[in-house]
Amino acid sequence: MTTYITTPIYYVNSTPHIGHAYTTIIADTYSRFRRLCGDDVRFQTGTDEHGEKIVQAAEKEGIGPREYADRISAAFRDTWPLLDIAPDHFIRTTNPEHIKVVQDILQKVYDQGDIYFSSYSGHYCKGCERFLTEKELVDGKCPDHLTVPDEVSEQNYFFRMSKYQDWLINHIKDNPDYITPERYRNEVLSFLSEPLEDLCISRPCSRLTWGIPLPFDKNFVTYVWFDALINYLTGIGYPDGADFTKYWSVAEHIVAKDILKPHAIYWPTMIQAAGLPPYKKLHVHGYWNVDETKMSKSIGNVIRPGDLVEEYGADTVRYFLLREMSFGRDASFSKEAIFERRNSDLANDIGNLFSRALTMLAKYADAKVPQMDEASITEEDRALIAAIEKMLAEYTACMNGFEFHRALQSVWEVIGMLNRFIVTNAPWELAKEAANAGRLRTVLYFLAESLRILALVLRPVMPTAAAKMAAALGMEEALAKAVLPEAGRWGGMQSGTALHVGEALFPRLEKKAAAPAAPEKPKPQVKAEKKAEPATQDEDGLISFDYFGKVELRVAEIVAAEKIVKAEKLLKLTVNAPEERTLVAGIAKHYSPEELIGRKVIIVANLKPAKLMGIASQGMVLAAKEKDADGNERLVLSAVAANIAVGSRVA
RNA sequence: GGCGAUGUAGCUCAGUUGGUUAGAGCAUACGGCUCAUAUCCGUAGUGUCCGGGGUUCAAGUCCCUGCAUCGCCA
């Protein structure tokens, strides 16, 4: 069998983040898995490099678009090896071969009458690089960029996408696996239930030159999708390369949900218009949030794959991403979560299993795989073999269905079973009595053989760790060539194989090492501010005395208080501390202004002033708040136990 | 506004075509072991399966309705 798997080509307007890494890790894992099943696999990724945004970004840096694209494209290409990702081909839309293929296809589709020239006018947003519909505008502005779009009227070329709408609907309905998971298939069908508009596929050279010229009109360049999507054909040598005939009919694309429409609607109709058979499958995944919030440059919480690898290693990052996300749904990344997975799943479960099993094989079997004593095989042993067979079946089914989290879950069930197997059989006890030697050899053989199968199934997910496991089992070469399902059959481990007890597969990480993966560098001014401040708290949540000393607490007397109109919670207080200050306090629900006059309270005197409801608050009153069983809040102001001069420091 | 998805233990999620006392991992508490990376094993749990109604001998699962969150479309 053959497999052709692709990631989208990544737009070079930003450098690789965890989302790019996820898509590409999926593709790499799947390609390694299909190879493990004996397939001839082609795995392609690359970069998308044309368009106005690239020109602008390049201008900002004072370089040409080509140079800019070269730089960012290299950033992508150089990131993948760090994650043990090994594509067979890295395509760039600026490659001459690609440009030629795009032009060939455009010409073909044009010649058959599926591309026509028409005028178009509308609201063009530079930020979006597209026309916005009347309804998308909010107060006449682009809702994303908050700018008034330009009124542009121009003539352009359009692809007759509508012509293929019915064909596409039928194709999706006839092939339930064409778009998966199902939720995205539904989304596409729902979108297709309305008439499709034709697709604008050009930009006049007067406005954009960084693109592929239309072969039938040199005054225009190709716009986005007719350029980018075709990479999937170029990369395998369309139209007459041997790889093209071999791989095209089995093409599987992986995309994140934001580019569902181009891949599920534009692309199939384009392929159809070009007279080619449709791709086989589209796999759509969700987004990675960071600490429950959306990842974005402006928030500054972008996670960089390179930083993660440095901190945890490629295997842990790959395992975490595959295990934590239910394919198709959104998931949340956090340093706590990856730290937890690393220590419990990798260090404690499988790492420790390997370590204890190999140590026992070394101690009680002279570091060689022992000969089993067939007579001593028990019911439990047979149950273990059955469980491994079941795991292999589930693992294979889930990997094929892109349910990586479930595939791993089933592997970890076996890992748990093996840890229990060791305890119930207690080889260290067996070793004490010579009479148990046969049983001991059997138990140890079972362990070695089970580890072999684990090394086998984990190879696609964690290539480096799996290779280390294989090496420890003295089967590096054999496992590198192994093919499922044959290699998964029980008994593949030869007695007498020499074992090599090496270092720990996944050393436990200590709390200190769980420091956050360096987030996106904050903007310069923010950075300067951050630098000036010392670390505010340690991992244990405690602050130092020095740090506490910076907080200036003082006794202050309330001399005046009034309600702030329009704010139901706020009171404006005037206090002597001893200088007169204005404070805004959120205590209106619990105290009336009158009862406050004359009270002595504790305030934070060196809090940065802030404006609340238009009033500058120069400090903050300390108060305690509690909630009773009914959810009612009670708030009590701080006070000093005896009379003391206003302005006294509290420490 | 239309369509769709999701809502299950403190957290992250499994729960096949409706069928015994609703599960797993993590976290928590207690106990055990010593081969092992302070690891592993065992025990203990807690649930208005989002609310309300309905179908059925039987509903986490099917139907209706409401709420919340999210996505797509307008």
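The structure presented is a predicted model; accordingly, all values stated were derived computationally and were not measured. Letters go in sequence order (proteins before strands), and every chain restarts at 1.
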Measure from [atom1] on [X] to [atom2] on [N] and round the result to the nearest Å.
X        : N      : atom1 : atom2 : value
A:Ile415 : B:rU39 : CD1   : P     : 17 Å
A:Asn289 : B:rU12 : CG    : P     : 13 Å
A:Phe327 : B:rU12 : CZ    : C1'   : 19 Å
A:Met417 : B:rC40 : CE    : P     : 17 Å

Whether [X] and [Y] hold their rings parallel, tilted or perpendicular, with breakpoints at 30° and 60°:
X        : Y        : value
A:Trp267 : A:His253 : tilted
A:Tyr30  : A:Phe33  : tilted
A:Phe327 : A:Phe402 : perpendicular

Query raised in the report: If you pin A:Glu324 and A:Val423 to their nearest nucleotides in RNA chain B, which one's is more 5'?
Result: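 Comparing both residues, the 5'-ward one is A:Glu324.
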
Query - Most 5' of A:Glu429 and A:Glu194 on RNA chain B, judged by nearest nucleotide - result: A:Glu429

Would you say [N] has OP1 or OP2 under 4.0 Å from some side-chain N or O of [X]?
X        : N      : result
A:Asn348 : B:rC40 : yes
A:Ser326 : B:rA14 : yes
A:Arg508 : B:rA38 : no
A:Lys261 : B:rC73 : yes
A:Arg406 : B:rG15 : yes

Query - Distance between C1' atoms of B:rC41 and B:rA68 (Å, rounded) - result: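 Pairwise C1' distance, B:rC41 against B:rA68, rounds to 42 Å.
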
Query raised in the report: Rounding to the closest angstrom, what is the interatomic distance between B:rU20 and B:rC67 at atom P?
Result: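 Comparing P positions in B:rU20 and B:rC67 gives a spacing of 33 Å.
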
Requested in this report: If B:rU17 has a Watson-Crick or G-U wobble mate with both distances under 3.5 Å, name it; if not, just say none.
Outcome: none

Report task. Using Watson-Crick or G-U wobble geometry with both distances below 3.5 Å, tell me the partner of B:rA22, or none. Result -> none

Requested in this report: Would you please test A:Tyr164 and A:His171 for ring-ring contact (aromatic ring centres under 6.0 Å, His included) and show each step?
Outcome: CA-CA 10 Å; A:Tyr164 299 98; A:His171 186 73; over 10 Å; no

Which atom pairs, donor and acceptor, lie under 3.5 Å between side-chain atoms of residues 495-502 of chain A and protein residues at least two apart or in another chain?
| unit_1 | atom_1 | unit_2 | atom_2 | d |
| --- | --- | --- | --- | --- |
| A:Ser495 | OG | A:Pro370 | O | 3.2 |
| A:Thr497 | OG1 | A:Gln494 | O | 2.6 |

Query raised in the report: Which part of the nucleic acid does A:Pro427 contact within heavy-atom distance under 4.0 Å: base, sugar-phosphate only, or nothing?
Result: nothing

**Report entry** Per-nucleotide protein contact string for nucleotides 4-11 of chain B, where B marks a base within reach and S marks sugar-phosphate only (heavy atoms under 4.0 Å, - for neither)
**Finding:** -SS-----

Report task. Could you check which residues of residues 350-389 of chain A get a heavy atom under 4.0 Å from RNA chain B? Sort them by number, please. Result -> A:Gly351, A:Asn352, A:Ser355, A:Arg356, A:Thr359, A:Met360, A:Lys363, A:Tyr364

Query raised in the report: Would the A:Phe159 and A:Phe226 ring centres measure less than 6.0 Å apart?
Result: yes

